[in-house]
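Here is the structure we will look at.
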Amino acid sequence: MKIRNAAIVGHNGAGKTSLTEALAFNAGLTSRLGRVQDGTTISDYNSDEIKRQMTIDSSLLTSEWNGHRIYMVDTPGYADFSCDVKQSMRAFDSAIFVIDATSGIGVGTETAWEYADEFKMPRLIFVNMMDKESANWNSILQELQERWGGAFKITPIQLPIGKEADFKGVVDLISMKVLTYSEGKETGGGEIPAELSKEVSEVREKLIETSAENDDALVEKYLEGKELTVEELKRGLRIGIIQRKIVPVFCGCAYQNIAVRPLYDAIIDYMPSPVECESLPVTIPGAGKEETRELSPDAPFTAYVFKTINEPHLGDVLLFRVYSGKLTAGSEVYNSTKGKTEKISQIYLMRGRNREETSEVAVGDIASIAKLKITRTGDTLCDKKHPVLVEPVNLPEGVASVALKPKTKKDQEKLSTSLRKLAEEDPVLRIRHDHELGQTIVTGMGDVHLDVVVERLQERFGVEVVVEKTRVAYRETIRSTAKVQGKYKKQSGGRGQYGDVFLEIEPLPRDKDFEFVNKIVGGAIPSKYIPAIEKGVKDAMSKGILASHPVINVKATVYDGSFHDVDSSDMAFQIAASMAFKKAFAEANPVLLEPIVEVQIVIPETYVGDVTSDLNSKRGRIMGIEMKGERQVIKAHVPLAEINRYSTDLKSMTQGRGSYQVKFSHYEEVPARVGEKLISEAKKSEG
């Protein structure tokens with residue numbers, strides 16, 4: 001099958017977009033080689049990407065090379081956008097890892113490698129920027145070997161000619177040809193430089209051995225001392241790469257278009273076609289039965305939507321991967337995730353910022369559709385007669401939050417709609433309005449992620465907002481028991497108001513918010529007024545007396561009182577109960593409570609000391625540390641107020657190699673010193 005696909009992944013700044021641009025240029029998708037610095041690449045075309053000179057949204061490109069259709073996706077490298085990387089890699093069969101020849105393996109590379117392991121993806125490595133000062137090929141190979149050599153055979157396919165500013169080409173160890181370049185153009189072959197001949201011979205011998213190991217016929221020929229042909233070498237390597245035993249390593253300079261074209265040949269020669277991959281695991285809707293769908297053009301249509309892009313003139317554009325069957329423009333498909341049918345109007349092949357309409361796509365194709373009503377990222381599209389569900393990507397919960405306040409009434413009207421559209425594009429983005437705190441809270445993967453949201457609100461939707469710190473939902477409770485009388489009596493000429501309540505309050509365990517008990521006997525208060533008394537207590541509990549936070553963990557018992565035949569009413573008893581509760585609360589040793597979250601932090605072992613020390617400084621309690629693969633998992637209980645913007649701190653401490661998840665655990669008493677400060681601030685704001 002003459003289709004290949006590859007996700008271009010790696011750390012931020014390694015040159016993924018420059019490589020994507022060079023590949024597009026060589027395939028004729030663009031007539032000139034764009035530059036990231038100039039904002040002229042075909043894959044980074046959004047204004048915020050041009051401004052920041054970094055990829056924020058994965059961008060899909062379709063090209064043709066030697067009779068094959070090649071799909072590529074240029075993915076972000078910054079940690080805040082790693083969820084976008086994962087979603088895109090889910091739809092691709094192979095990965096090209098781009099590594100900076102000077103800085104080596106970065107955090108983004110490690111993260112993408114883990115995703116490639118999760119999705120069982122064959123991969124190759126392109127060591128980029130070989131022309132930079134301090135570029136060191138041997139050092140990079142050693143780092144790759146140390147990092148991943150235990151699980152894979154890290155196998156150079158090329159050797160660089162020259163180094164740093166003198167880098168001018170590569171020796172192809174398969175064909176034993178020399179490829180040299182000048183001003184981005186291949187200048188011809190020539191002889192292998194004498195100073196490289198020994199190294200070329202040694203590395204090629206290892207390459208031949210690595211290739212032969214994957215095929216019995218090649219092993220036999222190799223052991224007999226016979227020379228393997230170029231095609232046999234490629235065959236052995238291809239088997240090992242697809243079986244995820246071998247990771248081939250290439251090198252070049254994307255910015256100068258040096259040794260980029262051989263990557264296209266490598267994708268065709270070594271990466272699997274869509275029908276060579278494992279059958280797709282699916283679930284039958286409603287039945288929960290798991291089975292597999294054959295990756296065949298003759299199987300029922302199945303596709304997975306892996307990304308949503310909102311474009312001004314088209315609305316939501318959905319990027320999708322066809323796993324089986326075919327799809328034609330004008331047909332109907334079944335969205336098995338939502339249980340509804342969608343009409344397909346037009347289908348596009350994406351070429352970065354450009355697109356090309358096509359009438360049909362089939363198994364292995366990766367394309368886009370627009371103007372669907374209910375379909376979004378993570379949905380399955382299929383044949384209604386043969387419905388299946390493709391499991392969506394498991395994405396982490398966001399960890400950084402800000403509160404957004406509209407600047408004007410006009411902005412207020414547009415804010416919720418605009419945020420909803422951004423959340424449709426970005427499944428990890430969470431939007432909620434906290435009525436208690438009176439804030440619209442946006443949660444994402446980090447500060448940069450949230451900054452981009454704010455910028456897009458203004459630039460794309462014309463919504464201006466003020467960014468505020470999220471408030472903390474404190475609570476108030478009591479530590480002792482109190483008994484009081486609350487009496488409300490009002491007379492003003494006509495019918496008066498009379499309610500008299502004796503109330504006892506006492507602490508409840510932390511797992512119980514509120515309990516109301518009626519112990520009235522002998523008709524001291526008619527039963528018809530008891531619900532009003534309970535409501536009065538609850539109303540008073542909605543705003544405590546310390547810092548106006550809700551009250552929890554309190555048992556309230558009404559045990560006596562009196563009434564008036566004419567003047568008593570529900571309202572009078574409600575007010576009397578509220579007065580009684582406030583008076584009793586003040587006498588029952590009230591205290592502030594703060595939310596405690598359970599934090600699970602995953603980091604390399606070398607950072608454990610720094611992270612635990614920082615948690616201790618944040619009033620955190622370490623609950624346990626355990627190994628998870630090659631990393632340490634720290635579990636701790638930390639006050640939410642201390643960890644609201646922890647993503648920045650953790651990135652700083654771990655050079656971006658740490659990740660964490662947070663979930664609410666319980667409430668605890670605020671330390672006296674902290675509580676005094678909070679109460680003082682609350683009274684100032686009220687005053």
Side-chain angles (χ1 to χ4, degrees), residues 5-11 14 75 77 82 85-86 88-90 92-101 103-128 137-158 173 203 205-215 218-219 233-251 263 266-267 269-272 276-278 281 393-394 602-607 626-633 654 656-659:
N5 62 65
I8 299 176
V9 298
H11 189 59
T75 64
S82 60
V85 179
K86 189 174 186 180
S88 296
M89 290 180 73
R90 168 69 172 79
F92 281 70
D93 300 325
S94 59
I96 297 174
F97 282 80
V98 184
I99 293 180
D100 185 332
S103 57
I105 298 170
V107 182
T109 313
E110 293 175 341
T111 302
W113 197 275
E114 292 173 2
Y115 296 157
D117 286 342
E118 181 180 342
F119 299 134
K120 301 178 181 179
M121 300 173 77
R123 62 209 78 172
L124 64 81
I125 292 172
F126 180 73
V127 181
N128 192 24
W137 168 255
N138 290 327
S139 175
I140 296 296
L141 283 182
Q142 182 179 346
E143 185 182 8
L144 292 170
Q145 187 65 41
E146 291 172 354
R147 185 69 180 82
W148 294 309
F152 301 89
K153 287 185 178 294
I154 306 298
T155 307
I157 303 297
Q158 300 170 339
L173 298 174
V203 177
E205 184 59 34
K206 292 180 182 177
L207 172 67
I208 294 170
E209 183 180 342
T210 299
S211 172
E213 289 174 349
N214 301 291
D215 185 284
L218 296 182
V219 169
L233 273 176
K234 288 183 177 180
R235 187 178 83 217
L237 287 171
R238 188 170 205 274
I239 293 170
I241 292 167
I242 291 177
Q243 291 180 350
R244 302 188 302 282
K245 297 177 181 177
I246 299 171
V247 176
V249 186
F250 299 79
C251 63
L263 277 184
I267 292 170
D269 290 340
Y270 305 125
M271 297 295 111
E276 291 177 299
C277 298
E278 297 178 8
V393 174
N394 181 27
V602 182
I603 53 172
E605 186 173 7
T606 185
Y607 302 111
E626 60 185 39
M627 286 292 293
K628 182 181 180 182
E630 298 179 353
R631 299 192 170 212
Q632 295 276 358
V633 179
T654 64
R657 287 179 164 81
S659 63

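A distance of 4.5 Å separates CD1 in Ile125 from CD1 in Ile99, rounded to the nearest 0.5 Å. Rounding to the nearest 0.5 angstrom, the gap separating the OG atom in Ser94 from the CD1 atom in Ile242 is 9.5 Å. To the nearest 0.5 angstrom, Arg631 atom CZ is 5.5 Å from Glu110 atom CD. If you take CG on Leu218 and CD on Glu213, they are separated by 11.0 Å, rounding to the nearest 0.5 Å. The CD atom of Glu205 lies 12.0 Å from the CG atom of Leu173; values are rounded to the nearest 0.5 Å. Here Lys153 contributes atom NZ and Thr210 contributes atom OG1; the two are 5.0 Å apart, rounded to the nearest 0.5 Å.
Counting heavy atoms from C-beta on, the side chains of Arg244 and Arg123 come closer than 4.5 Å. Val85 has its side chain within reach of Val9: a pair of non-hydrogen atoms, C-beta onward, lies under 4.5 Å apart. Side chains of Leu263 and Phe250 form a contact here, defined as non-hydrogen atoms less than 4.5 Å apart. Taking the side chain as every heavy atom from C-beta outward, Met627 and Gln632 approach each other to under 4.5 Å.
Ion pairing between a basic and an acidic side chain is recognised when a charged N comes within 4.0 Å of a carboxylate O; Lys86 and Glu118 show such pairing.
Nearest heavy-atom pair across Trp137 and Cys251 is CZ3-CB, 3.4 Å. A pairwise comparison of heavy atoms in Val107 and His11 identifies N-ND1, 3.3 Å as the closest pair. Closest heavy-atom contact between Ala116 and Phe97: CB-CZ, 4.0 Å. Of all heavy-atom pairs between Ala212 and Val219, the closest is O-CG2, 2.9 Å. Summarising the geometry of Leu141 relative to Val249, their closest heavy-atom pair is CD2-CG1, 4.1 Å, with the distance given to 0.1 Å. Residues Pro248 and Ile246 come closest through the heavy atom pair CD-O, 3.9 Å.
Remark: the backbone N or O of Ala14 is paired with a side-chain donor or acceptor of Asn128 at under 3.5 angstrom. Between the Asn5 side chain and the Asp93 main chain, a donor and an acceptor come within less than 3.5 Å of each other. Here the side chain of Arg238 pairs a donor or acceptor atom with the backbone of Met271 at under 3.5 angstrom. Formation of a donor-acceptor pair under 3.5 Å by the Thr155 side chain with backbone atoms of Leu207 is not found in this model. In terms of modelled atom types and a separation under 3.5 Å, the side chain of Ser82 and the main chain of Gly77 share no donor-acceptor contact.
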* Give the C-alpha distance, both sets of side-chain angles, the deciding distance and a yes or no for side chain to side chain contact (heavy atoms under 4.5 Å, CB included) between Arg657 and Ile603. => CA-CA 6 Å; Arg657 287 179 164 81; Ile603 53 172; over 6 Å; no
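Ring orientation note: the planes of Phe152 and Trp113 are nearly perpendicular, at an angle over 60° on the 30°/60° scale.
Under a cut-off of 6.0 angstrom, the local environment of CD in Glu605 is sparse, with at most 12 non-hydrogen atoms contributed by other residues, nucleotides or ligands.
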